[in-house]
Amino acid sequence: CQSRVASTDEIVIGHFGSITGSEATFGISTDRGIQLAIEEVNAAGGVNGKKVRLITYDDKGDPREAGSAVTRLVTRDQVTAVLGEVASGLSLAAAPICQENGVPMISPSSTNPKVTQVGDMIYRVCFIDPFQGSVCAKFARENDKIKATKAAILCDQTAPYSVGLQEEFEKAFTAGGGTIVSKQAYQAGDQDFSAQLTSIRASEPEVIFIPGYYTDVGNIALQARKLGLKVPMLGGDGWDSAKLGQIAGDALNGCYYSNHYSHEDPSPRVQNFIKLYQGKYQETPDGLAALGYDAARILFTAMKTAPSLSGKDIAAELAKTTGFEGVTGVISMDANRNPVKPAVILEMKDGTPRYVATIAPGE
Amino acid sequence: MALLDIENLSVSYGSIRALRGISLKVEPGEIVTLIGGNGAGKSTTLRTISGLLSPQEGQILFEGKPIASKSPHAIAANRLIHVPEGRGIFANLTVEENLRLGAYCRKDTHEIRQDYEHALELFPRVKERLWQLAGTLSGGEQQMVAIARALLARPKLLMLDEPSLGLAPQIVQLIFQVIRKINAGGTTILLVEQNANLALQVAHRAYVLEVGKIEMSGPAAELANSDDIRKAYLGGH
Amino acid sequence: MSASDVLIEPTSHGVNILKSAAPILVGIALAVGIQFLLPSTVGPYYSRLVIDAGIAMILAVSLNIVNGMTGQFSIGHAGFMTIGAYTAGSITFYSSLLIWGTAAKHGSFLGSGEWMFVIACLCGGITASIAGFVVGLPSLRLRGDYLAIVTLGFGEILRVLLQQTGKVVDNAEIVRNAPLTTFATVPVGGAIGFDGIPKYTTLFWVYAFLAITVIFAYRLKRSSFGRAMLSVREDEIAAQAMGINTSRQKLLAFITAAFFAGVGGGLLAHESGVIISPKDAGFQRSFDYVIMTVLGGRGSITGVMLAAILLSGLPEVLRDFERYRIIIYAALLIFMMLSRPQGLFGIHEIWDFFPRSWKTLPWKKSPREEAQ
Amino acid sequence: MADFLQTLMTALAIGSLYALIALGYTMVYGVLKFINFAHSDIVVLGAWLSYSFAIRALPLVGLDAHNPATPPPIWMTAGIFVAVLLLCSLAGFLIERLAYRPLRRAPRLNVLITAIGVSLLLQNVGQLDFVFGASPQKMPALLPNWELPIQFGQGESIRYVVLPLIDCIIFAVSGLLMLALELLIFRTKFGTALRAVSFNTDFAALMGIPVDRAISLTFMLGSALAGAAGFLYVLKFPSMNQPAHSVWVLLGLKAFVAAVVGGIGNIRGAVLGGFIIAFVEQFGAYYISSNYRDVYVFSLLILILLIKPTGLLGSPVREKV
Amino acid sequence: MNQVLEHRSAGAAQQTLLEVKDLGISFGGLKAVQNFNLTLPSAGLYGLIGPNGAGKTTVFNLLTGIYQPQTGSLSLNGKNLLGCKPHEVTAAGIARTFQNIRLFPNLSILDNVRLAGQIRIRPKLVSTFLRTNGYREQEAALKAQAMDLLEIFDLQDRAEDLAQNLSYGHQRRLEIIRALATKPSVLLLDEPAAGLNPQEKLALAQSIRQIRDRFEVAILLIEHDMQLVMDICERIVVLDHGVTICEGTPQTVQNDEKVIAAYLGAIADDA
Ligand SMILES: Nc1ncnc2c1ncn2[C@@H]1O[C@H](COP(=O)(O)OP(=O)(O)OP(=O)(O)O)[C@@H](O)[C@H]1O
Ligand SMILES: Nc1ncnc2c1ncn2[C@@H]1O[C@H](COP(=O)(O)OP(=O)(O)OP(=O)(O)O)[C@@H](O)[C@H]1O
Ligand SMILES: [Mg+2]
Ligand SMILES: [Mg+2]
């Protein structure tokens with residue numbers, strides 16, 4: 001068991017995430033990203049000469065556990081800052097605790113707008129649902145290869161991420177003149193999508209929007225192709241994982257997803273991260289790992305420049321973030337503590353995502 | 001050599017001592033009866049012999065071999081058959097299936113067939129009910145099934161726990177006739193009975209059990225005429 | 001000695017009223033004590049665990065009325081809790097918006113906000129008990145595992161339905177001016193859960209409600225109602241033959257248990273750092289409470305309370321084990337089940353284990369004396 | 001029309017899978033009268049063992065472990081299947097021996113809680129990195145990807161109803177296993193003995209039935225069925241959820257619901273229930289709304305139980321007073 | 001304290017209490033009971049005998065609402081009981097014991113009896129929670145009544161023991177006490193002497209008579225012990241295959257050829 005109060009020569013930060021339970025893979029990826037960032041910063045001499053130590057608590061993907069884990073981090077372990085969670089529902093449970101105790105919290109990948117609305121201690125490094133939804137809708141309406149007017153949606157009704165993205169996509173897509181011809185739902189982990197896909201097939205869409213996680217999308221793609229659904233599929237950053245290509249293979253050829261960055265991006269910050277990650281964990285990082293890594297690094301940067309390590313100072317510094325060169329894009333915080341950064345569109349080709357386009361906010 | 005030889009047997013249920021060092025013998029071909037008041041430990045004795053309970057001390061020899069540590073199914077396979085109090089029939093099986101289970105450990109199909117016919121002859125009532133679920137039989141019918149089933153195991157020693165419980169007088173007579181018949185056919189019987197009058201009539205020898213101890217033993221006819229026994233168990237007349 | 005001799009011993013009505021009220025007063029005094037002493041001595045983290053344990057105890061003790069006392073096997077208890085939580089949460093959230101224009105906490109200890117919250121919790125209890133009545137109906141026809149699977153189905157259905165609800169409307173103006181049709185979507189948050197509920201739950205309220213729950217459960221168990229429930233558990237046919245309306249007892253058990261579960265849910269909804277979400281209604285959560293009642297011992301109220309404390313605390317104690325946490329938890333659970341199959345206290349209450357001299361306090365008769 | 005047929009076909013295949021899992025539940029329940037919540041974890045074990053064996057075995061015949069160009073020779077597929085069955089029955093044996101047998105005389109609720117504990121344990125051990133890991137994987141194809149497309153319509157509106165080989169296999173296997181079980185339970189001495197054990201272990205022992213062995217065997221058989229289901233399941237749905245995913249539990253739960261709907265303890269009932277659940281799920285999701293899939297299943301369950309409290313084929317046990 | 005127990009003032013001695021006409025039920029094809037008739041006067045002590053499987057217990061089940069009769073009618077004190085649920089029948093005044101003992105094994109002996117007694121009180125949930133004075137008085141009276149009943153069979157010293165810890169013979173007696181606690185006007189005893197030895201049976205016969213006299217209940221008794229039945233019963237009904245083959249005084253029944261053939265057998269006095 002770690003010491004209760006941080007000793008003066010180290011900085012303790014906390015991470016709460018789902019490292020057991022259904023969503024374990026998300027929490028584990030994020031944790032690995034964070035660990036990597038910490039190793040990196042400690043190797044470079046730490047933050048202002050102090051080593052950074054991470055305490056990770058499991059929340060099983062359960063909002064109630066998230067609450068107690070964060071209370072423990074904030075009040076017992078007295079961490080300087082908190083990182084987490086992937087799922088918006090869990091971040092929302094934890095955010096008020098951080099806010100109340102004046103501890104900055106950065107969610108790596110909760111996309112629901114509400115999360116940062118909790119207060120000025122709460123930040124994130126991923127883009128929010130409305131932005132990504134409109135990016136996807138715009139792409140679906142305007143891309144030459146798709147030019148869709150009729151879209152179907154297949155949404156994970158258990159994941160707020162998925163539901164949120166679906167709503168924003170629907171708004172933007174219909175605002176852009178398209179129609180949603182079919183809306184179907186599944187539950188994370190479902191194996192059989194034939195009823196939904198058969199239904200979608202009958203509605204004859206030109207594109208299928210699947211705002212889900214890669215863990216399900218591969219399966220959906222396989223079954224869609226089996227049923228003879230040939231239209232392109234489109235998704236959000238939840239797709240980003242090497243696993244997706246492995247599972248779906250060429251079933252996803254000609255499908256697109258929006259993401260924070262492209263693995264092909266030649267810039268050293270991306271390539272370096274991928275190399276480091278592969279070296280440490282023998283696997284390709286997914287989007288969640290990259291976001292975890294960025295969240296940690298943004299935090300360190302703010303700590304370095306902040307006048308003191310008090311929560312207030314760090315938060316103030318975080319708010320000032322502009323042009324931070326993260327793996328997941330160049331990040332500036334807006335007034336709502338959400339990052340302003342462009343999205344990239346990737347196309348799946350034989351199991352690997354290829355860069356297609358960049359869409360900046362406000363475009 | 002005695003077929004069953006029990007030495008100094010003690011058994012407890014948790015902290016309740018049910019048997020406090022009893023010894024008894026059953027010789028081949030005998031009918032031995034065990035009588036005693038409610039809670040004396042009669043059923044406990046039988047349950048221990050058949051392996052459902054394990055003794056705290058003492059030993060049980062069956063055909064000269066110790067069986068106290070054996071599991072109940074192994075003991076049954078040695079053809080030491082126990083018809084428990086409350087009959088122990090399988091309510092969810094048909095009467096026929098119940099009977100067949102009696103011969104579970106036997107492989108001699110032809111002879112099983114014979115025994116089966118024979119058992120049904122003894123209990124024509126059971127024969128009428130072969131396809132009924134045994135659980136819906138009346139008490140007497142269930143008792144008949146239980147005895148018929150035990151016979152199908154061709155027991156060397158048959159232990160009956162209160163076979164007359166809840167039976168009509170006529171059936172009681174029938175059961176006791178059957179007990180005599182089985183015995184005449186060479187099966188040794190250890191009989192526990194509340195109906196001490198009848199039990200002492202059919203038995204060769206008897207043991208009287210009181211609060212976990214053997215109080216008295218001897219030839220059945222002798223005990224039946226003892227005044228103490230009459231007063232305590234036979235209704236004083 | 002004849003029974004009548006002891007019983008006709010005259011006791012004044014005043015003494016009796018005091019005897020009846022004392023435990024409730026003591027419970028509430030304890031709750032006040034906890035509220036004002038605990039956070040300052042152990043800090044917010046342990047206070048939170050104590051709150052969680054309190055709520056777990058309310059849930060487990062109430063479930064024990066159905067599972068332990070009446071012997072009906074329900075694995076839908078989290079469903080009742082969730083119904084209570086959503087009802088209470090929507091009442092405080094939307095009333096606050098309407099009355100004060102904001103959903104933030106209003107008033108201090110025992111202030112107007114807290115009273116609204118208490119009423120909301122009670123309403124949560126009432127809606128939950130209506131659900132309890134509906135879910136209890138199948139128990140009149142179904143036995144054992146069949147009933148269990150139906151109650152489980154109830155929780156799962158509730159979970160899916162809650163996922164389909166609409167977004168929370170958190171703007172006072174919109175709420176004030178909205179036509180009623182806006183509420184047709186049931187704006188309680190959908191899959192993400194119901195956030196923004198004012199955080200009124202304090203140690204005092206949790207332990208005050210717990211005191212009432214426990215005293216109720218205990219007095220129920222020792223009364224004609226309790227005996228009737230126990231008899232349903234022991235042998236339904238015999239109970240009927242003794243004139244017990246078993247249907248009524250079962251429904252009563254479901255209704256009262258659901259009521260307290262609903263109140264517990266209300267407390268949960270207003271606990272800080274908690275977002276109630278559809279997941280709460282699922283069977284996994286119900287299992288937690290079933291485990292507590294079984295581990296506590298059938299019908300032993302204090303046993304169940306101890307089990308609730310143990311099992312709600314255990315995952316926290318194991319928190320440092322990270323990925324091995326649940327493995328160790330599961331292993332311990334199996335170990336406890338194997339080593340104490342009768343539950344922690346079996347059918348006894350904790351004071352049955354005290355030395356006799358403790359129990360024969362001057363004003364208390366030993367159970368045997370009382371019986372004779 | 002095509003869509004209707006497609007839905008029907010899927011329902012049949014999924015129904016068979018439910019049936020297969022339900023058979024295992026029913027079997028254990030029939031004998032021990034308790035819901036073996038760890039049953040679905042044996043399905044998971046079967047699934048993940050199939051995967052682990054496959055990726056190790058495929059390179060032996062020169063195929064890419066993750067994306068074999070052709071299916072492996074049939075003996076290898078069969079070998080994996082048998083190995084999975086054996087290991088799953090071994091797991092079932094061990095679980096019964098270590099976790100359930102000590103509770104033979106305890107109330108059934110205790111065994112149930114222990115089963116929940118076992119289930120949690122298996123899930124979370126399975127999720128560890130050096131066991132199966134916490135990420136989803138793709139099961140390599142072990143069978144030829146044959147399918148029978150049935151064509152509907154012409155030109156633009158051309159539609160296919162696809163009947164994959166794997167569906168036929170699943171259908172056939174569950175059918176056969178059901179028949180075999182039915183024969184075993186009702187036509188053999190061992191089956192009668194099992195039913196006797198299920199009524200009362202003491203009485204059964206007095207008949208000379210080795211009770212412990214019979215129960216172990218039941219568990220091994222049930223677990224083998226679960227293993228078979230896991231194997232077939234991942235062949236049909238090659239994208240595998242990680243071992244601790246709650247969806248596995250839900251799968252097990254639905255299979256259990258199937259068993260209950262059919263009348264738990266009843267073998268034909270399990271199969272019937274499996275199909276009914278799958279039909280309700282598929283047709284409900286297709287014709288009404290996919291949002292309420294689980295609602296259909298559980299509502300149907302409640303409805304059926306209210307009409308027939310012992311399930312469709314369960315015999316009403318009237319206790320003789 | 002005996003006022004609590006002597007709740008029913010004695011009516012005219014031979015007034016009809018329980019009236020059963022043409023009662024019948026069959027299970028599948030099996031006609032378990034057919035055209036069963038019985039007129040039981042208050043404070044009567046009647047016997048119901050017959051071979052195993054004749055339908056005696058089934059008659060009890062029909063009378064107490066556990067099985068619903070398919071034909072016939074049933075009334076107590078002129079009040080129709082047909083279609084009543086078991087607990088309503090008990091409330092109306094018919095109590096029974098079970099052939100296979102059905103006590104509440106994990107409840108104390110006292111609770112077993114109190115439970116049966118509480119049918120005559122109407123407790124309120126609120127007063128239970130508040131433990132009002134009314135509630136306390138109710139509970140005290142209930143306990144007093146239960147303890148008095150336990151004294152009949154000398155069980156008062158074991159009031160706190162669990163019912164399952166009693167020996168078989170004592171369990172049978174507790175069943176009778178429990179039935180009495182419901183303050184019945186008709187008491188149905190299903191083989192109360194089973195499992196008792198001849199000596200104990202004599203004592204039981206004595207107790208049954210005393211119960212009848214003290215509580216003025218009518219008793220219908222199923223028993224295979226002929227000595228006991230002939231000794232204490234005023235009239236006896238004999239069933240065989242669900243049909244009444246004979247009804248009358250012990251003497252008539254004992255000498256009836258059909259009864260001897262179907263039930264008593266040749267060496268009846270042996271038992
Ligand atoms: N399962 C049990 N648990 C605890 N005590 C028991 C148990 N079974 C029997 N006893 C006790 O053991 C003693 C002997 O009981 P046993 O059943 O052997 O008596 P019995 O001679 O067969 O009496 P009966 O004639 O009433 O059947 C009794 O005091 C009884 O209370
Ligand atoms: N629930 C039931 N289903 C089918 N058959 C039944 C049922 N209950 C009773 N029977 C049948 O009805 C007949 C009468 O049974 P009952 O129990 O009334 O006999 P009884 O006269 O009490 O016999 P005993 O003296 O052996 O107790 C029996 O043949 C029995 O098999
Ligand atoms: Mg006995
Ligand atoms: Mg009878």
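Only heavy atoms go into these numbers, but all of them, side chains included; no hydrogens, no water, no symmetry mates. Because the structure is a prediction, the values reported are computed rather than measured.
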J.: Need one label for D:Arg293: side chain, backbone, both or neither, based on atoms under 4.5 Å from any heavy atom in chain C.
T.: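 Contact with chain C is absent: no heavy atom of D:Arg293 under 4.5 Å.
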J.: With under 30° as parallel and over 60° as perpendicular, where do the rings of D:Phe34 and D:Tyr100 fit, or are they tilted in between?
T.: perpendicular
J.: Need one label for C:Gln284: side chain, backbone, both or neither, based on atoms under 4.5 Å from any heavy atom in chain D.
T.: side chain
J.: If you tally heavy-atom pairs under 4.5 Å against chain C, which of D:Leu301, D:Val297, D:Leu122 wins?
T.: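 Greatest number of close heavy-atom pairs with chain C: D:Leu301.
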J.: Report which part of C:Leu333 has an atom under 4.5 Å of a heavy atom belonging to chain D: side chain, backbone, both, or neither.
T.: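 Contact with chain D is through the side chain of C:Leu333 alone.
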J.: Highest number of heavy-atom pairs under 4.5 Å with chain D: which of C:Leu161, C:Leu137, C:Val150?
T.: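 Between C:Leu161, C:Leu137, C:Val150, the count favours C:Val150.
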J.: Please check this pair: side chain of C:Arg143 against backbone of D:Pro309, looking for a donor-acceptor N/O pair closer than 3.5 Å.
T.: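 Absent.
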J.: Please confirm whether the backbone N or O of C:Gly68 pairs with a side-chain atom of C:Arg233, one donor and one acceptor, at under 3.5 Å?
T.: yes
J.: Heavy-atom pairs under 4.5 Å with chain D - which of C:Gln164, C:Arg159, C:Glu156 has more of them than the others?
T.: C:Gln164
J.: Is it the backbone or the side chain of D:Ile307 that comes under 4.5 Å from a heavy atom of chain C, or both, or neither?
T.: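 Contact with chain C: backbone only.
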J.: How about C:Asp145 and D:Tyr29: does a side-chain donor come under 3.5 Å of a side-chain acceptor?
T.: yes
J.: Answer with yes or no whether the side chains of D:Arg101 and D:Ser216 bring together a donor and an acceptor at under 3.5 Å.
T.: yes
J.: Do the ring planes of D:Tyr25 and D:His39 sit parallel (below 30°), tilted (30 to 60°) or perpendicular (above 60°)?
T.: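 Answer is tilted, since the angle falls between 30° and 60°.
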J.: Measure distances from D:Ser299 to the heavy atoms of chain C and classify the residue's part below 4.5 Å as side chain, backbone, both or neither.
T.: both
J.: If I measure from the heavy atoms of chain D, does C:Phe283 come under 4.5 Å with its side chain, its backbone, both, or neither?
T.: side chain
J.: Can a donor-acceptor pair be found between the side chains of D:Ser119 and D:Asp41 at a distance below 3.5 Å?
T.: yes
J.: Does atom CZ (D:Arg104) have a neighbourhood of more than 12 heavy atoms from anything else shown, all under 6.0 Å?
T.: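 Counting other residues, nucleotides and ligands, CZ of D:Arg104 exceeds 12 neighbours.
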J.: Out of D:Leu128, D:Val260, D:Leu120, return the one with the most heavy atom pairs under 4.5 angstrom to chain C.
T.: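 Highest number of pairs under 4.5 Å: D:Leu128.
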J.: Check for a donor-acceptor pair, side chain of D:Thr26 on one end and backbone N or O of D:Leu23 on the other, with a separation under 3.5 Å.
T.: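 Judged by distance alone, no pair lies under 3.5 Å.
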J.: Is any residue of residues 275-291 of chain D within less than 4.5 Å of chain C by heavy atoms, and which ones?
T.: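 Interface residues of residues 275-291 of chain D: D:Asn291.
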J.: In terms of heavy-atom contacts, does CZ of D:Arg268 have more than 12 from other residues, nucleotides or ligands at under 6.0 Å?
T.: no
